[in-house]
Amino acid sequence: MIDLNKKIALITGGSRGIGAACVKLFAEANAEIAFTYQHNSKAAEELISVLGGKTRIKAYKVELNSEAEINNCVEEVVKDFGRIDILVNNAGIWNDGSIDMDLAIWEETININLTGSFLFCKAVVPNMKKNMFGRIINISSTAGQRGEAHHSHYAASKGGIISFTKSLASELAQFNINTNSVAPGWVDTDMCTEVFSDTEYKKSIEKSIPVGRIASAEDVAGPTLFLASDLARHINGEILNVNGGSILCG
């Protein structure tokens with residue numbers, strides 16, 4: 001039902017987890033795809049190998065804390081694909097951090113999760129304005145809505161994403177650019193491998209979720225695809241929770 005034929009999507013952090021699931025699902029919807037990765041060139045190459053016969057796809061290596069590299073990436077994507085219709089700001093990090101964390105840990109998380117998303121939007125928006133069309137989907141988190149003990153830096157970065165999303169929604173709507181966010185709860189990806197290695201803890205999380213299971217990366221990619229489609233053309237500034245009903249804060 002969702003067809004993104006002739007649409008160009010840029011998906012950050014597309015080599016693994018939620019980003020890779022988005023790359024695959026957007027490819028199934030016939031979008032042409034540019035995606036970024038930071039270190040995992042092998043995973044990026046494997047994605048291209050699998051999907052290259054279905055759609056036009058290319059990977060770009062980007063350091064997420066470098067404005068110059070982000071700007072260069074966007075310039076290269078526009079050069080290679082002609083324009084950018086859809087931006088999915090997915091790339092990010094998650095790690096422990098109590099209030100006594102080093103400043104460097106705080107700054108790294110804010111710089112990658114929040115500032116990186118800002119820089120990608122800043123670089124992409126002029127092209128979208130020129131074409132009078134754009135869809136921006138920022139991946140936030142329920143942690144950004146309710147806070148998260150021992151992860152205040154992560155929660156702050158994702159809370160910033162939520163406010164940033166709402167601000168852009170108002171600012172850019174006149175240019176036919178819709179800005180929304182998908183806010184996952186727990187997701188079973190390699191980012192959580194260490195945490196979920198404690199099977200009893202994983203079971204306790206599953207029991208706390210009304211639907212009785214932890215989301216897969218594909219569970220998050222689906223709503224992201226929806227927000228990128230014409231089905232969501234009148235949705236702007238929305239924070240779409242994807243957490244199985246575990247946190248009801250819309």
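For the numbers below, each heavy atom of this structure counts, side chains included, while hydrogens, waters and symmetry mates do not. Here, residue 1 is the first one in the sequence, and each next residue gets the next number.
Judged by distance alone, with hydrogens and angles left aside, the side-chain atoms of Asp85 form no donor-acceptor pair with the main-chain N or O of Gly134 at under 3.5 Å. In this structure, the side chain of Lys61 does not engage the main chain of Tyr37 through any donor-acceptor pair within 3.5 Å. No donor-acceptor pair under 3.5 Å is formed between the side chain of Ser170 and the backbone N or O of Lys166. Judged purely by atom type and a 3.5 angstrom limit, Asn180 uses its side chain to pair as donor or acceptor with the backbone of Gly237. The backbone N or O of Arg83 lies less than 3.5 Å from no partner atom in the side chain of Lys130, so there is not a single donor-acceptor pair.
At a threshold of 4.5 Å between non-hydrogen side-chain atoms, the residues Ile11 and Thr36 do not count as touching. You'll find the side chain of Ile137 reaches within 4.5 Å of the side chain of Ile86, heavy atoms only. At a threshold of 4.5 Å between non-hydrogen side-chain atoms, the residues Phe35 and Ile57 count as touching.
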Q: Kindly indicate, with the supporting measurements, whether the criterion side-chain contact (heavy atoms from CB on, under 4.5 Å) is fulfilled by Ile136 and Ile177.
A: CA-CA 7 Å; Ile136 298 172; Ile177 301 170; 4.0 Å; yes
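Atom CD1 of Ile99 has 12 or fewer neighbouring heavy atoms from other residues, nucleotides or ligands inside a 6.0 Å radius.
Donor-acceptor pairing under 3.5 Å is lacking for the side chains of Asn111 and Asn65.
Listed by chain and residue number, Asn113 satisfy the side chain to side chain donor-acceptor pair (under 3.5 Å) test with Ser157 (two or more places apart in sequence, or in another chain). Scanning for side chain to side chain donor-acceptor pair (under 3.5 Å) contacts around Asp3 gives Asn30, with sequence neighbours left out. Remark: Lys79 pairs with Glu76 by the side-chain contact (heavy atoms from CB on, under 4.5 Å) rule, at least two apart or across chains. Qualifying salt bridge (charged side-chain N to carboxylate O under 4.0 Å, His left out) partners for Arg233, counting only residues two or more places apart in sequence or in other chains: none. The side chain to side chain donor-acceptor pair (under 3.5 Å) check on Ser140 picks up Ser181, with sequence neighbours excluded.
The structure places CG of Leu4 at 8.0 Å from CG of Asp230, a figure rounded to the nearest 0.5 Å.
Ring-plane geometry between Phe81 and Tyr60 is classed as tilted, the angle between the planes lying from 30 to 60 degrees on a 0 to 90 degree scale.
Counting all heavy atoms, side chain and backbone alike, Leu64 lies closest to Ala91 at CD1-CB, 3.4 Å.
One finds a salt bridge joining Lys122 and Glu67 here, because a Lys/Arg side-chain nitrogen approaches an Asp/Glu carboxylate oxygen to under 4.0 Å.
Applying the side-chain hydrogen bond (donor to acceptor under 3.5 Å, both in side chains) test to residues at least two apart or on different chains, the pairs with a partner in residues 40-58 are Lys58-Asp80.
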